[in-house]
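Notes follow once the structure below has been shown.
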Amino acid sequence: MKKTAKRITAIIISILFIFTMFPVQVFAATETKVLNLKCSDKNFAYEFNNLSDYARYGNKKYLIKVKPGTYHVRRGQQLRLYSNTTVDFTRVKIIHSANDNTLLRLGRRGDDWDNYNKGKGHPGYTGFKNIKIIGGTFDGGGNSQALMRFGHSSNITIEGSSFKNVKNAHMIEIGACKNFVIKKCSFSGFKGKWTVSTNYEAIQFECLTPTGNHFSAYTPNKDETPCKNCTVESCNFKNLQRGIGTHTGIVNSYFTGMKFIKNKFENITGYAISAVNYKNSKINGNTIKNCGAGIVFKTSILDHKNFYASKKSGNKHKKYVKMKSQINNNKITLNSYKGKYKNVAYGIQLFGEKLKKKSGSVPAGDFRCAGVTVKGNTVNLNFTGYGIWLWGAMANTVQGNTVNANIKKKASGGNGDPIRLQGSGKNTVKGNKLYNKTKGGYASNLNGITLYSSPSNKIISNKISKAKKDGINVGYSKGNTISGNKISGSGNNGIGLYGVKSTVITGNTVKSSKGYGIYTSTAKKRAIKTESKNKISKSGKRAKNW
């Protein structure tokens with residue numbers, strides 16, 4: 001027995017010695033195998049999909065390197081990608097020369113989506129994963145189809161690519177995806193007519209709604225999954241209808257960890273960025289130039305056509321939800337690109353609402369926008385609109401922003417204000433600088449800060465110069481505090497109060513107002529809860545009907 005044991009021990013030692021001399025690669029799935037694609041333009045889509053299918057069923061990570069050149073994707077063709085695949089399109093141009101399919105998408109329409117798992121499709125984020133697209137120019141050929149479409153997937157990166165030339169379509173559509181990064185890409189050349197009802201962002205992020213035809217490419221599994229941890233960084237957007245964003249919402253279904261940072265937008269007909277139901281998200285450091293509108297952050301949608309009741313997460317919404325998000329350090333210039341934007345313009349808008357009864361499919365509930373920080377932004381208003389507009393917004397902070405009004409052109413919606421609060425309460429507006437450089441024209445009723453039907457806000461330590469009308473205008477609101485503001489050169493009153501109750505006005509400096517330093521339309525003094533330590537000089541009477 002002892003001799004047998006000794007022999008076994010010797011054999012084991014010998015085997016271990018051999019393994020140390022010749023290491024075995026145990027984790028083959030972590031290797032990357034390079035697949036070179038060299039083919040004619042005629043066979044491009046066929047050969048690409050052959051390599052992609054080969055990578056799909058392998059046990060490694062794959063890198064498909066496409067030979068530089070120009071290729072076409074024709075009628076009946078579509079490029080397909082699967083998990084654990086990187087594609088290098090460096091110095092490659094692909095032209096979409098048909099109008100029947102998306103240029104590139106994950107999986108095949110039939111076996112991977114519509115009929116997968118007995119018609120249930122991929123749920124949540126369980127579709128494809130670990131995919132990267134490097135470089136390349138993707139030309140839509142003026143067709144009305146998206147260039148790329150992704151759904152129910154995770155860990156996807158697109159870097160250094162160019163997208164152009166689509167008609168009445170998005171360029172990239174992303175639904176129900178997480179950990180999606182688009183970096184150092186460019187988007188340009190939208191073709192089509194502008195209408196108020198169209199929603200063609202270059203990059204569209206959406207949740208997959210179970211009702212209607214929204215994002216129909218990923219039927220049947222429209223399970224209300226939102227996007228999560230998606231980043232668009234250092235990209236350029238030019239000559240488009242809209243830039244990045246979301247125009248659909250589902251009750252209690254929130255996008256989280258969204259980041260739109262350090263992007264540049266120029267010549268955008270509508271808004272540059274739209275965020276609907278975003279929590280713990282950042283829209284920071286973007287430059288927006290010559291656009292119809294800048295950034296909109298919504299927790300409801302006004303006409304309710306794209307805001308849906310939930311079949312999965314419940315519809316109770318008794319109190320507004322704090323979104324804990326940032327809109328910081330953006331530079332925005334509004335010029336109404338090509339004069340096509342006919343809505344009321346805004347640099348930054350926070351929008352929500354409280355519904356007392358059901359509207360469309362949306363149940364009654366408190367959908368007011370809350371918990372957003374708007375800080376350190378610069379907005380240049382070159383046509384009528386609002387610099388920063390809070391509409392149905394609660395408990396937000398607007399701090400350290402600069403708004404320059406230099407109105408030159410007219411858009412429908414009438415006059416505008418650097419900062420406007422409308423149906424909004426418990427917000428803090430602090431340390432902003434508001435300048436009016438408009439000479440005549442369409443901004444005759446422009447105030448510095450307007451509060452309309454907005455209670456319990458704090459308007460603190462703002463600097464307001466040369467408002468066409470009132471420096472601070474408060475209408476039909478109660479419980480507001482106006483303190484420590486510096487107001488100069490107002491065309492009417494420094495501070496104007498109209499139908500207000502229990503307002504605190506203290507420590508403000510008002511200089512050179514053509515009207516009154518502080519004006520109230522209410523004859524009863526009790527409309528002003530506290531009025532002390534205000535400094536008024538070179539203005540009209542201290543107060544009227546005081």
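Position 1 is the first residue of the sequence; numbering continues from there.
Although no hydrogens or angles enter the test, the distance criterion places a donor-acceptor pair under 3.5 Å between the side chain of Ser281 and the main chain of Met258. The backbone N or O of Thr256 sits nowhere less than 3.5 Å from a side-chain atom of Asn280 that would complete a donor-acceptor pair. A donor-acceptor pair is defined here as one N or O able to donate and one able to accept, closer than 3.5 Å; no such pair exists between the side chain of Ser300 and the backbone of Gly352. No donor-acceptor pair under 3.5 Å is formed between the side chain of Asn99 and the backbone N or O of Asn143. A side-chain donor-acceptor contact under 3.5 Å links Asn396 to the backbone of Met394. When atom types are taken as modelled, the side chain of Ser161 and the backbone of Ile158 share no donor-acceptor pair closer than 3.5 angstrom. The closest donor-acceptor contact from the side chain of Asn49 to the backbone of Arg80 lies under 3.5 Å. Side-chain atoms of Ser424 come within 3.5 Å of backbone atoms of Leu390 as a donor-acceptor pair (strictly under, hydrogens ignored). Between the side chain of Thr269 and the backbone N or O of Gln241, no donor-acceptor pair lies under 3.5 Å. Judged by distance alone, with hydrogens and angles left aside, the side-chain atoms of Ser325 form a donor-acceptor pair with the main-chain N or O of Met323 at under 3.5 Å.
For Thr86, the side-chain contact (heavy atoms from CB on, under 4.5 Å) partners at least two apart in sequence or on another chain are Leu63, Lys132, Ile134.
Cation-pi geometry between Lys33 and Tyr62 is not met: the NZ or CZ atom fails to fall both under 6.0 Å from the ring centre and inside 45° of the normal.
What you find for Lys262 and Asn286 is that their closest heavy atoms are N-OD1, 3.5 Å. Scanning all heavy atoms of the two residues, the minimum distance from Asp223 to Gly124 falls at OD2-N, 2.8 Å. Pairing each heavy atom of Leu334 with each of Gly294, the nearest pair is CD2-N, 3.8 Å. Pairing each heavy atom of Lys67 with each of Val92, the nearest pair is O-CG2, 3.6 Å. The two residues Leu35 and Ala55 come nearest to each other via the heavy atoms CD1-CB, 4.4 Å. Scanning all heavy atoms of the two residues, the minimum distance from Ser361 to Ala309 falls at O-CB, 2.9 Å.
A donor-acceptor contact under 3.5 angstrom links the side chains of Asp417 and Thr450, judged on distance only. A donor-acceptor pair shorter than 3.5 Å can be found between the side chains of Ser186 and Ser162. Checked by atom type, the side-chain pair Thr102/Arg149 shows a donor-acceptor distance below 3.5 Å. In this structure, a donor-acceptor pair under 3.5 Å is absent between the side chains of Trp391 and Gln349. In summary, the side chains of Asn329 and Asn284 do not present any donor paired with an acceptor at a separation below 3.5 Å, with no hydrogens or angles considered. Between the side chains of Thr246 and Tyr278, a donor-acceptor pair is found at a separation under 3.5 Å. A donor-acceptor pair shorter than 3.5 Å cannot be found between the side chains of Thr373 and Gln326.
In the displayed structure, Lys319 atom NZ is contacted under 6.0 Å by at most 12 heavy atoms of other residues, nucleotides or ligands.
Taking 4.5 Å as the limit, some side-chain heavy atom of Tyr200 sits within range of a side-chain heavy atom of Asn168. For the pair Ser52/Tyr82, a side-chain contact is recorded, criterion being any heavy-atom separation below 4.5 Å from C-beta on. Side chains of Leu421 and Asn427 form a contact here, defined as non-hydrogen atoms less than 4.5 Å apart. Looking at heavy atoms from C-beta onward, Asn277 lies in side-chain contact with Thr299 at the 4.5 angstrom threshold. Using a 4.5 Å heavy-atom threshold, the side chains of Asn179 and Lys228 count as separate. Inter-residue side-chain proximity for Val398 and Thr428 is flagged as unmet; no heavy-atom pair is nearer than 4.5 Å. Proximity of Ile182 to Cys235: side-chain heavy atoms (C-beta onward) are separated by under 4.5 Å at one or more points. Residues Lys318 and Asp366 form no side-chain contact, since every pair of their non-hydrogen atoms from C-beta on lies 4.5 Å or further apart.
Here the CG atom belonging to Asn252 is positioned 9.5 Å from the CD atom belonging to Glu224, to the nearest 0.5 angstrom. Phe150 contributes atom CZ, which lies 6.5 Å from atom CD1 of Ile172 (distance to the nearest 0.5 angstrom). Between the NZ atom of Lys354 and the CZ atom of Arg368 there is a distance of 5.0 Å, given to the nearest 0.5 Å. Separation of atoms CG (Leu79) and CG (Leu103) is listed at 5.0 Å; rounding is to 0.5 Å. Note that CG of Asn50 is 10.0 Å distant from CG of Asn43, once rounded to the nearest 0.5 Å. Remark: Gln145 CD to His96 NE2 distance equals 6.5 Å, nearest 0.5 Å.
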(message) Using the rule given for side chain to side chain contact (heavy atoms under 4.5 Å, CB included), can you reason through Leu350 versus Val374, listing the C-alpha separation, both sets of side-chain angles and the distance that settles it, and then say yes or no?
(response) CA-CA 9 Å; Leu350 306 185; Val374 179; 4.1 Å; yes

(request) Begin from the C-alpha positions of Leu208 and His152 and carry the test side chain to side chain contact (heavy atoms under 4.5 Å, CB included) through to its verdict. (result) CA-CA 9 Å; Leu208 306 189; His152 290 296; 3.1 Å; yes

(request) May I have the step-by-step check of ring pair (Phe, Tyr, Trp, His ring centres under 6.0 Å) for Phe367 and His317, ending in yes or no? (result) CA-CA 7 Å; Phe367 302 100; His317 217 277; 4.5 Å; yes

(message) Would Leu81 and Leu104 count as a side chain to side chain contact (heavy atoms under 4.5 Å, CB included) here? Give the steps.
(response) CA-CA 8 Å; Leu81 277 179; Leu104 182 151; 4.1 Å; yes

(request) Report the C-alpha separation of Ile288 and Thr333 in whole Å, then their side-chain angles, then the decisive distance to 0.1 Å, and conclude whether the side chain to side chain contact (heavy atoms under 4.5 Å, CB included) test is met. (result) CA-CA 6 Å; Ile288 299 170; Thr333 301; over 6 Å; no

(request) Mind running ring pair (Phe, Tyr, Trp, His ring centres under 6.0 Å) on Tyr346 and Tyr271 for me, showing each step along the way? (result) CA-CA 9 Å; Tyr346 47 82; Tyr271 56 65; 7.8 Å; no

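Between His247 and His170, the two ring planes are parallel [angle under 30°; tilted spans 30° to 60°]. Taking the six-membered ring where the residue is Trp, Phe48 and Phe89 present parallel rings, their angle staying beneath 30° rather than reaching 60°. Relative ring orientation between Phe180 and Phe205 is described as perpendicular, the plane-to-plane angle rising above 60° on a 0-90° scale split at 30° and 60°. Taking the six-membered ring where the residue is Trp, Phe163 and Phe138 present parallel rings, their angle staying beneath 30° rather than reaching 60°.
The residues Asp41 and Arg74 are annotated as salt-bridged, a charged nitrogen and a carboxylate oxygen being separated by less than 4.0 angstrom.
Each of Lys305, Gln204, Glu206 was compared with Thr248 under the side chain to side chain contact (heavy atoms under 4.5 Å, CB included) criterion, and only Glu206 meets it.
Taking the six-membered ring for Trp and the full ring otherwise, the centers of His72 and Phe44 sit at least 6.0 Å from each other. Less than 6.0 angstrom separates the ring centroid of Phe237 from the ring centroid of Phe265.
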